[in-house]
Structure formats: C-alpha cells, structure tokens
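Computed over heavy atoms, backbone and side chain alike; hydrogens, waters and symmetry mates excluded.
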Amino acid sequence: DTGEKGFLRTLSVVDEAGLDRIGTYLNAEEPRYHIEDINGIKVGMICYTYETEDEDLAIKSLNGIRLNENTTNLVNTFSYLRLEEFYAELAGHLAAMEADGAQASVLFIHWGNEYQTKENDHQRAMAQAICDLGVDVIVGGHPHVVQPVELLTAQNDPDHITVCLYSMGNAVSNQRVERMPSYDGYTEDGVL
C-alpha cells in the first residue's frame with residue numbers, strides 16, 4: 001500500500017531479518033519458489049496473490065493499487081480472468097521444484113472474499129484445478145476469517161490427495177470495526 005519504496009523496503013527488512021521470501025522478489029532473476037528441508041523432506045513452497053482487475057493488463061494491480069513498471073514482474077500473481085495462464089505457470093514451477101528435489105509442494109494463496117466464513121465458488125474450482133496439478137497442500141489467506149479445511153482428490157489421479165485450508169484467518173491484523181460490513185468477531189480468530 002506504500003508504493004515501490006514500501007515494496008522494496010519490506011523485502012529488504014525481511015532479508016535483513018534472515019527470513020525467506022516467497023512470492024515477492026528484488027529482481028526478475030530470483031527463483032519464484034523456495035525449497036526447504038523440513039525433517040528430511042524437501043518441501044517446495046510457492047506463493048501467489050490475486051490481481052485486482054485494471055483496464056491496462058500490462059501493469060498489475062494489487063488490492064486496487066497499480067504496481068509500477070519496476071515492480072509489476074516482481075510478484076507472483078494470478079488473474080481470475082486468466083486462470084489457464086496461472087495454471088500453466090504454476091505447473092511449470094511445480095516441475096522445476098520437483099527437478100530441484102522437492103518431494104512435496106505447498107501453495108500459499110491470497111484469494112477469496114473478505115469476512116466470508118465459507119469458501120466461494122472460485123476458491124473451490126481453483127482448489128480442484130490446483131489439486132489436479134499435483135500440489136500437496138494449499139494454504140489460503142485474505143478473507144480475514146477462518147474458512148474450512150477440505151481433502152481434495154485429484155480427478156486425474158485418484159491416489160493424489162491435497163489438503164486445502166481455504167483461509168487461515170488472522171494471526172495479527174489491524175481490522176477496524178468501522179470499516180467492516182458487520183462485526184461478528186470472526187476476524188479475531190486464526191488457525192495458528
């Protein structure tokens with residue numbers, strides 16, 4: 001929300017703290033995913049956020065704010081209007097993660113409708129398509145409330161199961177009651 005300066009400063013602060021970044025980059029050459037050895041299992045992780053639609057599709061908009069030409073290609077994004085492009089891109093990254101040794105995959109995804117305690121039709125359809133691509137775990141966020149967990153079976157491989165957590169709710173948030181359509185307390189909850 002603070003433009004290019006805030007975008008780049010956030011990446012710098014994360015790097016200085018020694019944390020791994022997934023989904024945002026300082027330059028276009030950085031890998032679009034991260035592989036972490038967790039108790040002897042190499043887990044490939046990737047993160048995407050949805051684009052808010054803009055009349056100029058060459059420049060991405062996130063949360064209604066246009067990225068500039070310096071940052072537009074430094075974020076993993078998808079458009080609800082061009083999901084086939086997203087699935088093709090994700091399939092390529094999954095293949096690259098596997099080639100790099102990943103034994104399991106996790107997709108962190110920013111999607112859904114704020115304050116809705118149930119996933120929407122887009123989330124359900126996308127989760128199934130992502131499961132069919134072979135992702136093992138989907139961890140969703142954005143609604144600011146906890147949404148259901150579901151086990152999905154791939155339509156193209158009945159042996160492949162994906163755990164899908166549609167929304168983790170809030171861990172820390174500055175949700176303001178006066179800006180919410182109604183207050184029911186669900187924004188006080190988080191999976192962690």
**OP:** Determine, using the 4.5 Å side-chain heavy-atom cutoff (strictly less than), whether Leu165 and Ile38 are members of one ILVMFWY cluster.
**Re:** yes
Original post:
Where the side chain of Ser105 meets the backbone of Gly44, is there a donor-acceptor pair that is under 3.5 Å apart?
Top reply: no
Subject >> Spatial distance of atom NZ (Lys118) from atom OH (Tyr166) [nearest 0.5 Å] >> reply: 8.0 Å
Subject >> Nearest-0.5 Å distance, CD1 of residue Ile109 to OG of residue Ser167 >> reply: 12.0 Å
Original post:
Do Val137 and Leu107 have side-chain heavy atoms sitting under 4.5 Å apart?
Top reply: no
Original post:
Any side-chain donor paired with an acceptor under 3.5 Å for Glu4 and Thr71?
Top reply: no
Original post:
Is there side-chain contact between Ser61 and Arg66, with at least one heavy-atom pair below 4.5 Å?
Top reply: yes
**OP:** Would you name the heavy atoms of Cys131 and Thr153 that are closest together and state the gap between them?
**Re:** SG-C, 3.7 Å
**OP:** Determine the minimum heavy-atom distance between Gly40 and Gln103, stating which atoms define it.
**Re:** O-OE1, 3.7 Å
Original post:
Quick one: CG on Asn120 to CG on Asn113, what's the gap to the nearest 0.5 Å?
Top reply: 4.5 Å
Subject >> Student check: side-chain heavy atoms of His122 and Trp111 closer than 4.5 Å >> reply: no
**OP:** Could you list all the salt bridge (charged side-chain N to carboxylate O under 4.0 Å, His left out) pairs where at least one residue sits in residues 141-158, not counting sequence neighbours?
**Re:** none
Subject >> Connected via hydrophobic side-chain network under 4.5 Å: Leu26 and Leu62 >> reply: yes
**OP:** Report yes if the side chains of His160 and Asp136 come closer than 4.5 Å at any heavy-atom pair, otherwise no.
**Re:** yes
Show me the donor-acceptor pairs, under 3.5 Å and distance only, between side chains in residues 84-100 and residues at least two apart or in other chains.
{"residue": "Glu89", "atom": "OE2", "partner": "Tyr48", "partner atom": "OH", "Å": "2.5"}
{"residue": "Asp100", "atom": "OD2", "partner": "Tyr33", "partner atom": "OH", "Å": "2.4"}

Original post:
So, do Glu114 and Pro143 sit near enough that their side-chain heavy atoms are less than 4.5 Å apart?
Top reply: no
Original post:
So Thr162 and Ile130, side chain to side chain contact (heavy atoms under 4.5 Å, CB included) or not? Walk me through it.
Top reply: CA-CA 9 Å; Thr162 297; Ile130 292 165; 5.8 Å; no
Subject >> Sequence-distant partners of Asn156, side chain to side chain contact (heavy atoms under 4.5 Å, CB included), two or more places apart >> reply: Asp132, Ala154
**OP:** Apply side chain to side chain contact (heavy atoms under 4.5 Å, CB included) to Arg9 and Val13, showing your working.
**Re:** CA-CA 6 Å; Arg9 181 179 181 280; Val13 169; 3.8 Å; yes
**OP:** May I have the step-by-step check of side chain to side chain contact (heavy atoms under 4.5 Å, CB included) for Leu151 and Val163, ending in yes or no?
**Re:** CA-CA 5 Å; Leu151 294 178; Val163 177; 3.6 Å; yes
Original post:
Can you name the closest pair of heavy atoms from Thr72 and Leu67 and give their distance?
Top reply: CA-CD1, 3.8 Å
Subject >> Stepwise side chain to side chain contact (heavy atoms under 4.5 Å, CB included) check, Val106 with Val43 >> reply: CA-CA 7 Å; Val106 178; Val43 179; 3.7 Å; yes
Subject >> Spatial distance of atom CD (Glu119) from atom CD (Gln147) [nearest 0.5 Å] >> reply: 6.5 Å
Original post:
Distance only, no hydrogens: is a donor on one side chain within 3.5 Å (strictly under) of an acceptor on the other, for Lys60 and Thr77?
Top reply: yes
**OP:** Give the cluster check for Val14 versus Phe108: same hydrophobic cluster or not, with ILVMFWY residues linked at side-chain heavy-atom distances below 4.5 Å.
**Re:** no
**OP:** Report the residues that fulfil salt bridge (Lys or Arg N to Asp or Glu O under 4.0 Å) with Asp121, sequence neighbours left out, ordered by chain and then residue number.
**Re:** Arg124
Subject >> Ile138-Leu83 co-clustered via ILVMFWY side chain contacts under 4.5 Å >> reply: yes
**OP:** Would you indicate whether the side-chain heavy atoms of Val139 and Met168 approach each other to under 4.5 Å?
**Re:** yes
Original post:
Is there a side-chain contact between Gln128 and Gln155, using heavy atoms and a 4.5 Å cut-off?
Top reply: yes
**OP:** Scan for salt bridge (charged side-chain N to carboxylate O under 4.0 Å, His left out) pairs involving residues 17-39, sequence neighbours excluded, and state none if there are none.
**Re:** Asp15-Arg21, Arg21-Glu30
Original post:
Does His110 have any ring-ring contact (aromatic ring centres under 6.0 Å, His included) partners at least two apart in sequence or in another chain, and if so, which?
Top reply: Tyr50, His142
Original post:
Have Tyr25 and Asn73 got a donor and an acceptor in their side chains that come within less than 3.5 Å?
Top reply: no
Subject >> Same apolar cluster: Leu133 and Met126, side chain cutoff 4.5 Å >> reply: yes
**OP:** Hey, could you give me the SG/CD1 distance between Cys47 and Ile22, rounded to the nearest 0.5 Å?
**Re:** 6.5 Å
Original post:
What are the two closest heavy atoms between Ala28 and Leu74, and how far apart are they?
Top reply: N-CD2, 3.6 Å
